[in-house]
**Student:** 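This structure is in structure tokens; I'll ask about it shortly.
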Amino acid sequence: MPEPLQDAAAPPSAEQPWRDPSLPVSDRVADLLDRMTLEEKVGQLGAFWAAPLRPGEPVLAVPEGATDPLPGPLEEAAANGLGQLTRVHGTEPLTPAAGLERLRLLQNTVIGANRFRIPALVHEECLTGLLSWTSTVFPTPLAWGAAFDPELIEEMATAIGGVLRSIGAQVGLAPILDVTRDYRWGRTEETIGDDPYLVGIIGSAYVRGLEGSGIVATLKHFAGHSSAAAGRNMAPVTCGPREFADVILEPFVAALRLGGARSVMVSQNDVDGVPSTGDRHLIDDVLRGEMGFDGIVQADYFGIWHLKHIHGVAGSREEAAAVALRAGVDMELPTIHCYGPPLVEMVRQGRVEEELVDRAASRVLTLKCELGMLDEAWKDEFDALPALERGDLDPPEHRALARRLAEESVVLLANDGTLPLRASSLALVGPLAEEPLAMMGCYAFANHNSLDFLDEMSARAGMEQGVHVASLGDALAAELPDAKIQVTAAGDLRVTRDADIAAAVAAARDADVCVLTLGDRAGLFGAGGRTSGEGCDAETVALPGRQAELAEAVLATGTPTVLLMLSGRPYALGGLAERAAAVVQAFFPGEEGAGALAGILSGRVEPSGRLPVSMPRHAGGHQGSYLHAATAEPSMVSTSDPTPLYPFGHGLTWTTFAYEDLTTDSEVIATDGTVRVGVTVRNTGERAGTEVVQLYLSDPVASVVRPVRALAGWARVRLEPGRAARVEFTVHADRVSFTGAGLRRVVEPGVIHAEAGPSSADLPLRASFTLDGPERVLGADRVLTVPVSVRPL
């Protein structure tokens with residue numbers, strides 16, 4: 001660990017305008033830039049990763065050649081200033097106190113090394129909570145989508161932001177706004193769902209929570225990462241400009257306007273041959289021009305280096321730096337490879353305009369100024385951060401929040417009455433029956449790092465466990481103290497041994513009910529046989545290994561069996577689900593997931609989650625999204641049936657609901673008008689329950705092919721038995737706009753159908769209204785939301 005340097009020069013006097021908090025930010029930044037050398041301005045564009053990695057045990061896939069040569073010691077790298085420090089708390093297992101001590105040393109080194117005493121931004125991963133050894137692990141984004149509860153997601157993000165502030169960080173690398181496109185993609189668990197409106201509303205809620213707590217939210221990955229060919233990480237993207245605009249970009253539009261994100265990370269893929277990291281049209285024209293973004297644009301880890309090493313659009317580090325800078329990328333992560341001496345050399349040679357460096361440095365310094373990091377008082381505030389104790393990053397109130405979200409996100413897909421469990425003897429079997437880490441996604445610390453590395457580092461840190469995560473067996477034993485529970489776990493995730501199948505069958509035969517756990521373990525790049533997470537792409541959506549064979553054998557016993565899915569993607573369950581007593585889906589529900597699942601299985605908790613994706617019937621031939629054209633539906637011209645086993649929006653609870661009286665307040669509205677669409681929902685069962693009332697719109701005649709239907713809005717409605725509520729959606733004509741034949745977003749006159757019900761495939765009611773008037777071309781001020789109100793009857 002480097003020792004802090006003495007000040008490189010005496011600090012500037014308080015009279016210097018850039019130090020004056022009373023002046024406009026733009027004036028302060030302009031004054032500071034005028035005082036900086038080229039090297040000092042370039043210094044603000046780079047990052048440093050103080051990562052003591054074991055040889056051969058990186059925490060992520062480091063591209064060939066990207067570490068040769070590594071940046072020198074921090075005091076050398078920061079001599080001209082430094083833009084960011086990378087994952088100080090999230091690289092190795094550290095207690096909160098040790099992490100803060102480490103950050104103080106690194107930050108003081110940065111401040112002391114540069115003559116302006118400007119600190120570095122500190123970024124951390126925070127997709128499922130702060131990615132650190134002792135922080136609360138919340139459910140994955142696919143579980144956020146399943147909850148259909150933006151208010152709860154905003155509350156979670158506010159809690160995460162508070163943790164980031166307490167450890168001295170300013171930037172969070174979340175949320176991910178990639179719309180789910182191919183379930184084979186390993187990062188499906190990190191997506192919110194396959195509907196852009198759902199992703200935009202839930203993602204914007206996360207951004208509001210993080211930004212409202214004072215942390216800079218970073219939108220990822222801009223753009224098209226989830227549309228990679230064959231679901232392979234970083235593979236080329238070939239979707240057309242209309243799909244790109246209407247599906248891929250829409251969540252980013254919402255998160256910028258409705259959330260106020262101040263950072264965007266460009267994706268690693270290329271779209272139609274142009275890498276996003278070097279795409280000036282995408283960054284300058286679309287993001288900054290059409291979307292009006294004025295924050296910082298960051299490269300993904302090693303993304304600038306990949307312009308040379310992978311994409312082949314640059315022949316050297318210097319050329320890669322030039323391509324990215326001209327495109328509008330302001331900062332290089334995770335450490336200095338291209339935006340350092342190579343970029344300085346390009347400017348000195350006259351091959352890159354210094355004005356481009358000024359542009360990027362101005363954006364970085366503007367953000368630092370807005371965060372108070374150019375104020376002399378900032379250092380005192382940083383030094384005054386209170387000492388952190390062992391449990392401070394996973395307090396009881398955060399665990400309670402994680403439990404609420406886990407409970408809301410579990411989806412009951414099918415049930416013949418076996419659930420809630422009433423059996424006196426229960427067999428809990430399958431590869432995930434005794435695996436606590438199966439509750440968490442790839443961006444939980446324990447899953448994100450190699451196991452050998454973790455074992456060594458945690459032993460060195462004197463920690464046996466970062467956060468407590470119960471196994472499903474322990475949670476069920478606590479939930480059902482009077483039941484006899486036999487836990488028989490398969491030996492490994494892929495169920496490679498015949499003996500494990502035989503043991504599960506024997507346990508099922510001896511029980512009144514069997515709960516069979518199937519699904520994934522999350523991790524990076526397939527390490528340790530992981531099947532979900534970054535780089536863990538699948539060839540099909542068939543269950544991993546011999547899990548289907550295990551399920552066949554257990555179902556053949558005749559014992560009522562609950563299929564319990566713990567996974568990061570939807571898997572094909574056709575032929576299995578139809579024979580099961582019940583099917584339950586949990587998308588990595590976090591550290592409190594076992595307790596949430598046990599509560600639902602017992603009936604103490606009501607299931608209220610709904611599918612944010614479709615569940616395929618077959619391992620091949622699935623279309624990947626309910627959001628499709630009519631030609632993608634079953635027809636006589638194709639023998640392939642892509643109908644999902646369970647559709648987008650589907651989910652059951654302990655009661656039943658009926659839909660009545662779908663109406664519109666106007667039959668005709670202007671192409672810039674508003675219509676109110678109302679529907680009555682009634683609890684027709686004997687228990688209280690929560691229904692997710694869904695409204696879908698369709699445009700049967702348009703100038704381009706439109707989806708059969710698209711989600712327009714939803715409402716979580718809790719009703720006592722026999723009670724009803726009137727749900728009213730306020731739909732502006734802008735909400736049926738699309739990218740037309742001229743690649744401009746338009747509202748066209750014509751008939752619009754409205755349908756309401758409990759899922760995208762169960763819509764018992766339909767109404768219509770007509771848009772009358774001229775075609776409208778929309779701008780950046782278009783309406784993005786459909787407000788909804790619920791009135792008890």
Side-chain angles (χ1 to χ4, degrees), residues 137 139 403 406 410 421 423 425-442 444-447 451 454-455 458 464-481 483-523 527-533 543-551 553-554 557 559 561-568 571 584-602:
V137 182
R403 172 67 72 93
V410 175
L421 292 172
S425 66
L426 177 68
L428 175 62
V429 304
L432 306 177
E434 289 187 313
E435 182 48 82
L437 294 182
M439 298 293 164
M440 304 185 294
C442 176
F445 189 91
N447 287 339
L451 300 182
L454 275 179
D455 289 343
S458 61
E464 296 180 357
Q465 189 173 17
V467 294
H468 174 69
V469 183
S471 69
L472 185 59
D474 289 342
L476 277 174
E479 186 74 36
L480 302 169
K484 176 185 176 183
I485 302 175
Q486 180 179 346
V487 180
T488 305
D492 60 71
L493 179 67
R494 297 182 184 272
V495 197
T496 56
R497 300 187 307 178
D498 291 341
D500 292 325
I501 297 178
V505 167
R509 282 187 179 137
D510 290 341
D512 296 329
V513 174
C514 177
V515 175
L516 171 58
T517 62
L518 302 170
D520 290 314
R521 274 289 315 277
R530 302 298 186 262
T531 54
S532 180
L543 288 166
R546 298 173 66 190
Q547 287 189 24
E549 184 181 344
L550 169 65
V554 170
T557 65
T559 299
T561 297
V562 178
L563 297 184
L564 176 56
M565 298 299 302
L566 286 165
S567 66
Y571 280 106
V584 177
Q585 173 70 59
F587 295 111
F588 293 144
E591 66 180 35
E592 286 290 317
L597 283 165
I600 284 174
L601 293 174
S602 72

**Student:** Do L516 and L564 have side-chain heavy atoms sitting under 4.5 Å apart?
**Tutor:** no
**Student:** Charged N to carboxylate O below 4.0 Å: is that the case for D492 and R546?
**Tutor:**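 Salt bridge flag = no for R546 with D492.
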**Student:** Quick one: closest heavy-atom pair of F588 and A438, and the distance?
**Tutor:** CD2-O, 3.2 Å
**Student:** Is the shortest heavy-atom distance from the side chain of L428 to the side chain of L472 under 4.5 Å?
**Tutor:** yes
**Student:** Considering only heavy atoms from C-beta outward, does the side chain of V513 approach that of T561 to under 4.5 Å?
**Tutor:**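 V513 does not reach T561 side chain to side chain.
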**Student:** Determine whether E435 and R521 satisfy the following criterion, side chain to side chain contact (heavy atoms under 4.5 Å, CB included), listing intermediate values before the conclusion.
**Tutor:** CA-CA 9 Å; E435 182 48 82; R521 274 289 315 277; 3.4 Å; yes
**Student:** Which heavy atom of A504 sits nearest a heavy atom of T488, and at what distance?
**Tutor:**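 Of all heavy-atom pairs spanning A504 and T488, the closest is N-CG2, 4.1 Å.
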**Student:** Please determine, by modelled atom types, if S567 and D520 share a side-chain donor-acceptor pair under 3.5 angstrom.
**Tutor:** no
**Student:** For P544 versus T531, what's the shortest heavy-atom pair and its separation?
**Tutor:**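 Heavy-atom minimum between the residues: CB-CG2, 4.0 Å.
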**Student:** State, to 0.1 Å, how close E479 and S602 come at their nearest heavy-atom pair, and which atoms those are.
**Tutor:**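 Looking at all heavy atoms of both residues, the shortest contact is OE2-OG, 2.9 Å.
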**Student:** Is the shortest heavy-atom distance from the side chain of V562 to the side chain of V584 under 4.5 Å?
**Tutor:** yes
**Student:** Testing T517, L543, L432 one by one against M565 for a side-chain contact (heavy atoms from CB on, under 4.5 Å), which residue passes?
**Tutor:** L543
**Student:** Can you name the nearest heavy-atom pair linking V554 to V505, along with the distance?
**Tutor:** N-CG2, 4.2 Å
**Student:** With side chains defined as the heavy atoms from C-beta onward, is the minimum distance between V469 and V137 less than 4.5 Å?
**Tutor:** no
**Student:** Going by the rule side chain to side chain contact (heavy atoms under 4.5 Å, CB included), which residues pair with A427 if we only count those two or more places apart in sequence or in a different chain?
**Tutor:**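 So A427 forms a side chain to side chain contact (heavy atoms under 4.5 Å, CB included) with V429, A507, A511, C514.
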**Student:** To the nearest 0.5 Å, what is the distance between CD (E592) and NE2 (H468)?
**Tutor:**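 Spacing of CD (E592) from NE2 (H468) equals 8.0 Å.
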**Student:** If every non-hydrogen atom of A470 is compared with every non-hydrogen atom of A594, which pair is closest and at what distance?
**Tutor:** O-CB, 3.4 Å
**Student:** Taking the side chain as C-beta and beyond, is there a heavy-atom pair between Q486 and L426 under 4.5 Å?
**Tutor:** no
